[in-house]
Every structure is written in structure tokens, then in C-alpha cells.
Protein chains: 2
Amino acid sequence: MATVNRPGTADGHACGIDTAMEVIGGRWKVLILWALHEYPSRRFGELRRLLPGITEKVLASHLREMEADGVVRRVSHDEVPPRVEYSLTEDGTRLNDALEPLAAWGRDRSTGPRLGEEPS
Amino acid sequence: MATVNRPGTADGHACGIDTAMEVIGGRWKVLILWALHEYPSRRFGELRRLLPGITEKVLASHLREMEADGVVRRVSHDEVPPRVEYSLTEDGTRLNDALEPLAAWGRDRSTGPRLGEEPS
DNA sequence: CAGCATCCACCCCGATACTG
DNA sequence: CAGTATCGGGGTGGATGCTG
């Protein structure tokens, strides 16, 4: 958050990429996005289970940041035991969609070998 | 590099996003990509000038990693004084293209305010 | 159940100086 | 010009334990 010293290109147009990179710049954020897209409205514990290896601290802090960034919505039903549901906002959904070509690129490179890329 | 312990979703489909994230996961990599796209075939010093704030060490290491990842091509003409030219590979160009929707998302959020995102 | 508090290790990045 | 060598700081994320 807090728009720290972002790098920029010489001609000043930072092209919006870095804005996006800040929002998804976290070890697990794209996975959280993805999880919330495929399994909408997830509870904390469910997300934790969906993302093997993540710790509660990190999951919590990432969720808070993503909420602050307006890509995740947090709904707390106050009951006992407590229940909180997380889902994507419209903006978060759009972000996730914008991630798809990147995912496709990644899939490509995993499955298909490089196509005549290596030089002599 | 070297495919360290990547996180994954519970159902195992890591959706390729993380593959891409590893390649662009560096403070300046997307900017390098962008610079090489707009100003193809750049020399080391030119790139440094194009990216105000980057240090030689970081530029060099990022360039080496991106070359190893097959997104940047390095051509060394051996003359004196030395001359080296960097450009995008096909894969790098595709990666850059795949980044465009993300850039658009970022631009959107900068210009337009949030559109009815905030809940009650 | 849904977190927070604390401590810490690691790694990335930046600054500076030097080399072929 | 095009890098490499070395050192150091900062921030992220991981482990563990506790709370409403």
C-alpha cells in the first residue's frame, strides 16, 4: 500500500502495470484471487485449506491488504462462532480476468516447449 | 529461477499464473519488458538511462535472469569498445502482450474512481 | 472459528567501488 | 562501455503461541 517509490520509465509513462503489480505483489495474492474466483464467498478456514502452505498470519494480512485495495470484500456475520466471508469485488473480478492472459502465457510455456526461441 | 517451492491451490491446478509471476517477479522486470518493447534492441547504458533509479547491478542481474527465462535475448558484438544489445524474444513479446490487460486495469483504477465498489 | 502478537530468517534490492 | 565484487539494510513472509 501507500504507493511507495515506484520505478518509472524515463518518458514518465509508467503504463499502469506497476499499479497492478503493487496490488498483486505478494507471495499469495494471485492465488487468493484465483481461489475466490473459482470458489466465491469463502470463509477464512476454507481459504486456508484452499492454499496449502499459507500461514494464518500471511493469509490474514494479504486479505486485509487486498480489502484495502478494493479487490476483496469482507463480510462479517456476527454470530458465535464467528463467521466471515470473503469474496471478490467487481474490481477484483476484473483484475482476475486481466490476469488470465498471463496465466495462459504461463501454461503455454509449461506445456509446449520453446518454439524456436533459442538462438544459435 | 529453478522453480523453488511455488505455492499452489488445493486442487493442484496452479493455473500458470505463478509461472508468469516468477518471470516478472522482480522490482524492475516489467519495466524492462516494457522498455524493450517500446525501444527494441537497446544497449546496456541506454536501458539504464531508460530506467531512472535502477542500479547497474540490479539491471545486470535482472537481464541475466530474464535471458535465462527466455524472454530477453542478448547479442554481444565483440568490438572495442564493447557493445551489447538486448531485445525481446518472441516469448518475451508475448509476455509483454499478456501484460497489457493488467496495465489497462491499472490505468482504469488510476483515472476512474471506484465504481460503486464500496459496500454498505 | 477467525484472527492477532512476536520473533526471526531470508532474500531482494540498493550503494559503492573496481575491472576487462 | 559493460559489466562484476562486496557489503549492508529493509521488508516480506514463515513459525509459534495466544485471544475474543
Side-chain angles (χ1 to χ4, degrees), chain A residues 1-8 18 21-33 35-36 39 41-69 72-87, chain B residues 1-8 18 21-33 35-36 39 41-69 72-87:
Chain A
M1 241 81 9
T3 320
V4 277
N5 58 3
R6 288 192 231 161
D18 42 333
M21 290 303 289
E22 278 176 30
V23 176
I24 60 175
R27 184 90 174 65
W28 298 85
K29 289 194 180 169
V30 299
L31 272 339
I32 293 176
L33 234 30
L36 284 178
Y39 308 90
S41 218
R42 249 38 214 163
R43 304 181 54 180
F44 189 88
E46 292 177 315
L47 281 174
R48 188 179 37 189
R49 249 165 280 124
L50 245 19
L51 304 169
I54 198 171
T55 63
E56 290 161 353
K57 176 203 167 190
V58 173
L59 178 55
S61 67
H62 278 186
L63 283 172
R64 261 184 281 114
E65 291 178 7
M66 296 171 79
E67 190 191 0
D69 283 334
V72 161
R73 175 167 23 231
R74 192 192 116 113
V75 178
S76 168
H77 316 259
D78 35 308
E79 324 167 341
V80 345
R83 201 177 83 188
V84 181
E85 301 221 311
Y86 294 93
S87 55
Chain B
M1 243 83 4
T3 319
V4 278
N5 58 3
R6 287 193 232 161
D18 41 332
M21 291 303 290
E22 277 175 31
V23 176
I24 60 175
R27 182 89 176 63
W28 299 86
K29 290 195 180 168
V30 299
L31 272 337
I32 293 176
L33 234 29
L36 285 179
Y39 308 91
S41 217
R42 251 35 215 165
R43 304 180 55 179
F44 190 87
E46 293 178 314
L47 281 174
R48 189 180 35 191
R49 249 166 280 125
L50 245 20
L51 304 168
I54 197 172
T55 62
E56 291 161 350
K57 176 203 167 189
V58 173
L59 178 55
S61 68
H62 279 186
L63 248 14
R64 261 184 281 112
E65 290 179 7
M66 294 171 79
E67 190 192 359
D69 284 333
V72 162
R73 175 166 24 231
R74 191 192 116 113
V75 178
S76 168
H77 316 260
D78 36 310
E79 322 167 343
V80 350
R83 200 177 86 188
V84 181
E85 301 221 311
Y86 294 93
S87 55

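Note that these values count all heavy atoms, side chains included, but never hydrogens, waters or copies made by symmetry. Lettering follows sequence order; numbering is per chain, from 1.
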Taking any atom under 4.0 angstrom from a heavy atom of chain B, which nucleotides of DNA chain D are the first and last to qualify, 5' to 3'?
D:dC1 to D:dC7
B:E67: what forms a salt bridge (charged side-chain N to carboxylate O under 4.0 Å, His left out) with it, not counting sequence neighbours?
none
Given that A:A60 and A:P82 both sit by DNA chain C, which one's nearest nucleotide is further toward the 5' end?
A:P82
Any donor-acceptor N/O pair, B:E65 side chain to B:H62 backbone, under 3.5 Å
no
Using a heavy-atom cut-off of 4.0 Å across all strands, would you classify A:H62 as base, sugar-phosphate, or nothing?
sugar-phosphate
Under 4.0 Å from a heavy atom of chain A: give me the 5'-most and 3'-most nucleotides of DNA chain C that qualify.
C:dC1 to C:dC7
Using a heavy-atom cut-off of under 4.0 Å over every strand shown, decide if B:R74 touches base, sugar-phosphate, or nothing.
sugar-phosphate
With sugar-phosphate meaning primed atoms plus P, OP1 and OP2, does A:G26 contact a base, only sugar-phosphate, or nothing at under 4.0 Å between heavy atoms?
sugar-phosphate
Could you check if a side-chain atom of B:D69 sits within less than 4.5 angstrom of a side-chain atom of B:E22, using non-hydrogen atoms only?
no
To the nearest 10°, let me know how far the axis at one end of the helix from C:dC1-D:dG20 to C:dG20-D:dC1 is tilted from the axis at the other, five pairs an end.
50°
Just so I know, are the side chains of B:M66 and B:L33 near enough to count as touching, which here means a heavy-atom distance under 4.5 Å?
yes
Nearest heavy atom decides the nucleotide; on that basis, is A:E56 or B:F44 closer to the 5' end of DNA chain D?
B:F44
Begin with the C-alpha distance, continue with both residues' side-chain angles, and end with the deciding distance and a verdict on side-chain contact (heavy atoms from CB on, under 4.5 Å) for B:V23 and B:K29.
CA-CA 8 Å; B:V23 176; B:K29 290 195 180 168; 5.9 Å; no
What's the spacing between A:L31 CG and A:I54 CD1 if we round to 0.5 Å?
8.0 Å
side-chain contact (heavy atoms from CB on, under 4.5 Å), that's the test. Do B:W28 and B:L59 meet it? Break it down for me.
CA-CA 8 Å; B:W28 299 86; B:L59 178 55; over 6 Å; no
If a pair satisfies side chain to side chain donor-acceptor pair (under 3.5 Å) and one of its residues is in residues 50-59 of chain A, list it, with sequence neighbours excluded.
A:R48-A:E56
When rounded to the nearest 0.5 angstrom, what distance separates OH in B:Y86 from CZ in B:R74?
4.5 Å
Is there a side-chain contact between A:L36 and A:R42 in this structure, where contact means two heavy atoms from C-beta onward sitting under 4.5 Å apart?
yes
Mind checking what makes salt bridge (charged side-chain N to carboxylate O under 4.0 Å, His left out) contact with B:E85, not counting sequence neighbours?
none
